[in-house]
Amino acid sequence: MQIDYYSNTQDGHPHVVKDGHPHVVKDCRPHVSTRWPPRDGLQGKAVVDEQAYREGKLGTARPAGEGTSELINKEKLSQGRLFTRSFEDGLGFEYVMFYNDAEKRIVCVFQGGPHLQGMPGFFHGGAIATMIDATVGMNAIVSGGIVMTANLNINFKRPIPLCSIVLINSQLDKIEGRKLLVSCNVQSVDEKILYTEATSLFVKLNPEKEFDIKELVLKSAPPA
Ligand SMILES: CCCCCCCCCCCCCC(=O)SCCNC(=O)CCNC(=O)[C@H](O)C(C)(C)COP(=O)(O)OP(=O)(O)OC[C@H]1O[C@@H](n2cnc3c(N)ncnc32)[C@H](O)[C@@H]1OP(=O)(O)O
């Protein structure tokens, strides 16, 4: 995709302009809200036990009612934010994604802010990995439903200058049962520089284990 230019609109989010028009295949950014989980849930499918989440029971090492951890966790969980949307405007992750349903691919236009610095003048590799995970993850979610990253392999080929705009081109390669294989590359806007390549495996959450996430959170919480 050839981008003419990129702009920040009044809502502070990036938009791509091509041929003088905002270029939108389908903006698949349902997570513009910084609240997590989103109020309306994930297209009607619950990822976590929302009631338990609201009651602050997720993340507690003990059943609610035992000790003070319940209150602390309630407060902390109410501050939950989507990582990539938790920076002040312009300082962290600024991006928009365009989803092509027929081709099962996503183009993400990403401009990281100065707070994503690693080596002076360049993006931190973890920030790049985060945006890659968010993009291939969204590709897997819109293609297959509720999934989690099982594996992510990244080849960092060139450092990415801080605050530059890059394209993340993601493609669903294969679905094998519950497994979705998604690959992507990160390129300069003129597509002349290949910065990064990645492959990933996403696994659809087993419907028989619908509270897997809750169990995982409970197990991984530090002792109260
Ligand atoms: C719409 C609003 C959206 C808002 C949200 C926006 C978010 C933006 C997007 C952000 C996105 C961010 C997303 C994030 O950051 S997600 C956060 C990072 N990921 C995790 O924390 C996941 C932790 N892992 C797990 O929970 C489990 O292991 C999962 C759920 C992944 C699988 O456990 P489960 O018990 O369900 O499955 P299974 O063990 O029966 O395995 C099933 C099959 O998979 C194969 N397998 C499994 N693991 C691996 C592996 N590592 N390499 C190769 N293969 C692997 C396995 O061999 C088997 O294959 P087969 O024998 O059937 O052939």
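Computed from heavy atoms alone, side chains included, the values below leave out hydrogens, waters and symmetry copies. Both counts, for ligands and for their atoms, begin at 1 and track the order of listing.
Taking all heavy atoms of Met138, Met97, Glu176, Arg178 into account, the minimum distance to atom 37 (O) of ligand 1 is reached by Arg178. For atom 9 (C) of ligand 1, the candidate residues are Ala140, Ala134, Ala129; the nearest heavy-atom contact is made by Ala134.
Geometrically, ligand 1 and Lys179 share a nitrogen or oxygen pair separated by less than 3.5 Å. The shortest N or O to N or O distance between Ile141 and ligand 1 is not under 3.5 Å.
Rounding to the nearest 0.5 Å places NZ of Lys179 at 14.5 Å from CZ of Phe202.
Proximity to Leu205 (heavy-atom distance under 4.0 Å) selects the following atoms of ligand 1: 30 (C).
For Ser164 against Pro161, the heavy-atom pair with the smallest separation is OG-O, 2.6 Å.
Using a 4.0 Å cut-off between heavy atoms, Val203 contacts ligand 1 through its side chain alone, with no backbone atom that close.
Remark: the backbone N or O of Val186 is not paired with any side-chain donor or acceptor of Thr196 at under 3.5 angstrom.
For Phe156 and Phe122, the gap between ring centers reaches or exceeds 6.0 Å.
Residues Leu181 and Met148 do not share a hydrophobic cluster, defined by chaining ILVMFWY side chains whose heavy atoms lie under 4.5 Å apart.
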